[in-house]
Number of protein chains: 2
Amino acid sequence: MIILDESKKILSESQEDYLKQIYLLIEDPQGIVGTQALAERIGVAPASATAMLHKLRALGLVHYAEYRGVSLTESGRKVALELLRHHRLLESFLQTALGYGWEEVHDEAERLEHYISETFETRMALWLGEPEFDPHGDPIPNADLVFPVVRTETSLTKLGAGFEGQIVRVATQDRDELNLLSHLHLLPGRFVKIAESGSNGVRLNVLNVDTSRQGNHFLIPLSLAARIFLQEGQPS
Amino acid sequence: MIILDESKKILSESQEDYLKQIYLLIEDPQGIVGTQALAERIGVAPASATAMLHKLRALGLVHYAEYRGVSLTESGRKVALELLRHHRLLESFLQTALGYGWEEVHDEAERLEHYISETFETRMALWLGEPEFDPHGDPIPNADLVFPVVRTETSLTKLGAGFEGQIVRVATQDRDELNLLSHLHLLPGRFVKIAESGSNGVRLNVLNVDTSRQGNHFLIPLSLAARIFLQEGQPS
DNA sequence: CTTTAAACTTAGTCATGTATAAATAAAAGT
DNA sequence: ACTTTTATTTATACATGACTAAGTTTAAAG
């Protein structure tokens, strides 16, 4: 339900979802996505994606040439970022203000991101104190859709034994993975030390602030370790 | 997006709106609405309403006989009440938690009521302390969709000069009316005295708790007075 | 180069929710 | 009762967003 510039055109939930998924599939800002990958991500047949891409191109929201793939135009990117901001603010708000559990948050935000007004967005951000990162550690674009300055974060899989640092990001929305991490207290903010890094996974030592659980250690499978990002440092 | 009983069928926003408006148009629970009135309220052509009524009848949500009008079945009523609960909780929440202004609240709630989950509903109610009335003074059905016990409220137009009481309900969603009342501090909770009641309207004396604005008085036109409800009593 | 498999698009349907125009039923007036 | 007006319904059509089946392009392999 995002309103387009001066033209005051309104996008459907579907159209918004396409733009968002194109954005998320293109890490590199100059990249391109294929119809198939996009369709799969959204959960429709490839032919349906083709049809939608024609519409979005007509609206000036995507660059698209038949058989050549899609990318976002400037205005398409704005819509995607607006949605991303809504989503991440909602996740923060639901958890902080309404006491949602770590895993309950995603689906609700996914639905509501299309329907909240700019006012709602603004008030949530105010309530939360204009946060720069959501509970997963993902960056939240500000009101002008600019991302906060990037932190020096590195995936667990790219660090060696002995490294000490703080979890700053957990790049998954999977309920089971989140539930696991939540119970292990491996969430953004936590300090850990890498005990061992092998082909089975990464063995982590939890460096707690309170000493009660000090020294807990876990073997994190590689697939999950790849989604956890650290920043060097020690508990203060 | 309300889910139907065990059948797990999902209603569209449109279908939900029809049910809600049928409910609101039938004050008397045994009443009946015509196609025209319904269509007008929803903002579609009468023929479109007819088409939708056929669908809702097929879903067992309305009693409907061609040319004879519509009413809600038990399950239709449940959907309407669920929506009403969402709406009124949202209005309360937006105002109380997010600092929305009195007049900004309605449109946002109207949109979001269709998309929030049961979880969201529950958490809002908890946050607000399971309120029985929304900021307009309208009753909020509880989680089992039962209304709170009715208060003895009477419309301003049915009371005579000399009556003293508290505003308990302001039955309008009109932005201009709400804005006016808001600036006059004539909102639920306020104590007032009827100075005069005539064909031009009702002249009110504001009985403030703090003495600063004590004695303000306004002439409220009849059309508006009819929407303000009082309960007998004096400021304590 | 040519062949072939994978990716992608076109063509033709379908379900929803809307609209208009024309037909029909109910209500009201004389 | 008969006619007129109003309310309502039927018939038909359109836009959206999805699907399947069939055809086309591209890229990779020989």
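A, B, ... follow the sequence lines: proteins, then strands. Residue 1 opens every chain.
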Value in whole Å for how far the C1' atom of C:dG17 lies from CG of B:L59: 14 Å
B:R68 side chain near D:dA7 phosphate (N/O to OP1/OP2, under 4.0 Å): no
Sugar-phosphate only, base, or nothing, as touched by B:T50 at under 4.0 Å among non-hydrogen atoms: base
Touch class at under 4.0 angstrom, heavy-atom based, for A:T35 against every strand present: sugar-phosphate
Report each atom pair, protein N/O against N/O of nucleotides 2-4 of chain C, whose distance is under 3.5 angstrom.
none

Selection from D:dT26, D:dC19, C:dT18 that lies nearest to any side-chain heavy atom of B:V44: C:dT18
Touch class at under 4.0 angstrom, heavy-atom based, for B:S14 against every strand present: sugar-phosphate
Nearest-angstrom distance from the residue atom CG of B:L53 to C1' of D:dT9: 11 Å
side-chain N/O A:Y64 vs C:dT9 OP1/OP2, d < 4.0 Å: yes
Separation of C:dT16 P from B:K55 NZ (nearest whole Å): 7 Å
is_close_aromatic(A:F120, A:H86), centroid dist under 6.0 Å: no
Flag for A:Y115-A:E13: side-chain donor and acceptor within less than 3.5 Å: yes
Euclidean distance, atom CE of residue B:M52 to atom C1' of C:dT18 [Å, nearest integer]: 9 Å
Spacing of B:R57 atom CZ relative to D:dT8 atom P, expressed in whole Å: 15 Å
A:K20 and A:E110 ion-paired at < 4.0 Å: yes
B:R57 and B:E66 ion-paired at < 4.0 Å: yes
Evaluation steps, salt bridge (charged side-chain N to carboxylate O under 4.0 Å, His left out), between B:R175 and B:D107: CA-CA 10 Å; B:R175 293 177 82 96; B:D107 293 347; 3.3 Å; yes
B:I42 CD1 to C:dA19 P, straight-line distance once rounded to whole Å: 11 Å
Side chain to side chain, B:L156 and B:F229, heavy atoms closer than 4.5 Å: no
Short side-chain N/O contact to C:dT16 OP1/OP2 from B:S12, under 4.0 Å: no
Spacing of B:L56 atom CG relative to C:dT18 atom P, expressed in whole Å: 11 Å
Under-4.0 Å side-chain N/O to phosphate OP1/OP2 contact, B:Y18 with C:dT18: yes
Separation of C:dT9 P from A:H54 NE2 (nearest whole Å): 6 Å
